[in-house]
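Read through the structure below, which is laid out as structure tokens, and then see the notes.
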Amino acid sequence: GGGREGGQFPIVSWRSVTGGMLLIRASSHASAQLTDDELVVVRIMMLKSPGKALRIIDFAPKRTYSISKQYSQFTPEHVDVPPISQVSDVFEEVVDALNSGKDIPAIASSNSPWSNILSKYMDQVVALSRAVDSGSSLLLQGTRKNCGHLVVMTLLQIVCDPRYRTLAGL
């Protein structure tokens with residue numbers, strides 16, 4: 001077992017009104033053993049999204065998981081995005097540049113890595129939104145040190161559901 005880092009149990013964050021696909025978030029497993037909450041994830045899928053595929057997307061450092069044969073369909077897929085601390089640093093640089101009178105094209109043409117970092121996150125959002133559009137539910141998991149899964153989860157909800165693109169939806 002080992003449980004999940006910080007005890008963040010899988011929780012449904014969003015459900016598609018039209019297709020029933022789910023976005024589920026959780027912290028990564030503290031160990032490489034995926035036994036503690038496999039049954040919970042299976043029950044969530046059976047009750048809330050019957051017949052839909054589930055992909056587990058892991059934003060934690062890459063490792064090999066030990067998975068029981070019964071739950072082999074839940075092998076996590078590793079995603080590599082910059083750590084949230086790097087995103088925060090770049091965001092501060094962009095805000096400082098905007099406050100000093102630079103516009104977005106000027107910032108993008110400078111040596112700031114902001115567009116590269118943003119691009120890596122948006123590439124994941126686009127790929128995962130396509131998975132949702134094709135009928136897959138997603139469980140995004142990550143560590144407290146790199147909350148990239150939460151950034152992608154938020155952006156996915158905005159991309160997948162027009163309701164989140166309004167002030168009322170926020």
Side-chain angles (χ1 to χ4, degrees), residues 1-88 116-165 169-170:
R4 289 188 177 269
E5 180 188 275
Q8 186 188 11
F9 204 65
I11 185 168
V12 175
S13 294
W14 175 81
R15 183 173 187 265
S16 168
V17 176
T18 56
M21 286 72 68
L22 303 174
L23 293 180
I24 306 167
R25 66 175 169 80
S27 56
S28 292
H29 282 270
S31 72
Q33 296 287 326
L34 300 183
T35 56
D36 293 340
D37 55 18
E38 292 167 336
L39 186 58
V40 172
V41 172
V42 169
R43 297 286 292 165
I44 288 171
M45 291 301 296
M46 287 173 47
L47 295 172
K48 299 291 184 186
S49 195
K52 302 292 180 197
L54 175 69
R55 292 175 56 192
I56 299 176
I57 313 298
D58 193 2
F59 288 78
K62 192 170 187 171
R63 59 188 160 172
T64 303
Y65 286 94
S66 172
I67 300 171
S68 63
K69 282 185 180 181
Q70 186 177 0
Y71 298 109
S72 61
Q73 74 271 25
F74 297 126
T75 302
E77 303 168 38
H78 178 73
V79 170
D80 190 26
V81 293
I84 201 71
S85 60
Q86 191 177 5
V87 173
S88 179
N116 185 35
I117 290 172
L118 181 61
S119 177
K120 287 181 180 182
Y121 274 91
M122 290 309 297
D123 288 348
Q124 292 305 320
V125 170
V126 169
L128 295 175
S129 68
R130 287 184 179 143
V132 171
D133 286 346
S134 69
S136 291
S137 289
L138 305 174
L139 187 156
L140 304 186
Q141 60 185 28
T143 64
R144 285 185 281 176
K145 289 181 182 176
N146 180 5
C147 300
H149 67 299
L150 300 176
V151 172
V152 171
M153 175 68 74
T154 301
L155 293 171
L156 266 173
Q157 287 178 235
I158 292 168
V159 168
C160 292
D161 192 336
R163 182 174 60 108
Y164 289 102
R165 294 179 222 145
L170 295 175

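Qualifying side-chain contact (heavy atoms from CB on, under 4.5 Å) partners for V126, counting only residues two or more places apart in sequence or in other chains: R130. In this structure, the side-chain contact (heavy atoms from CB on, under 4.5 Å) partners of V132, at least two apart in sequence or on a different chain, are W14, M21, L23, L138, C160.
Nearest approach of V81 to K120, heavy atoms of both residues: CG1-O, 4.2 Å. Nearest heavy-atom pair, V125 versus L156, reported as atom, atom and distance to 0.1 Å: O-CD2, 3.7 Å.
Side-chain contact check for V152 versus V79: every heavy-atom pair is 4.5 Å or farther apart.
Note that CZ of R25 and NE2 of H149 are 7.5 Å apart. Values are rounded to the nearest 0.5 Å. Rounding to the nearest 0.5 angstrom, the gap separating the CD1 atom in I158 from the OG atom in S129 is 12.5 Å. Once rounded to the nearest 0.5 Å, the distance linking CG of L139 with CD of E77 reads 11.5 Å. Atom-to-atom distance recorded for S119:OG and Q124:CD is 10.0 Å, nearest 0.5 angstrom. Atom CG of residue D58 and atom CG of residue D80 lie 11.0 Å apart, to the nearest 0.5 angstrom. Interatomic distance, L128 CG to D133 CG, rounded to the nearest 0.5 Å: 11.0 Å.
A side-chain donor-acceptor contact under 3.5 Å links Y121 to the backbone of P82.
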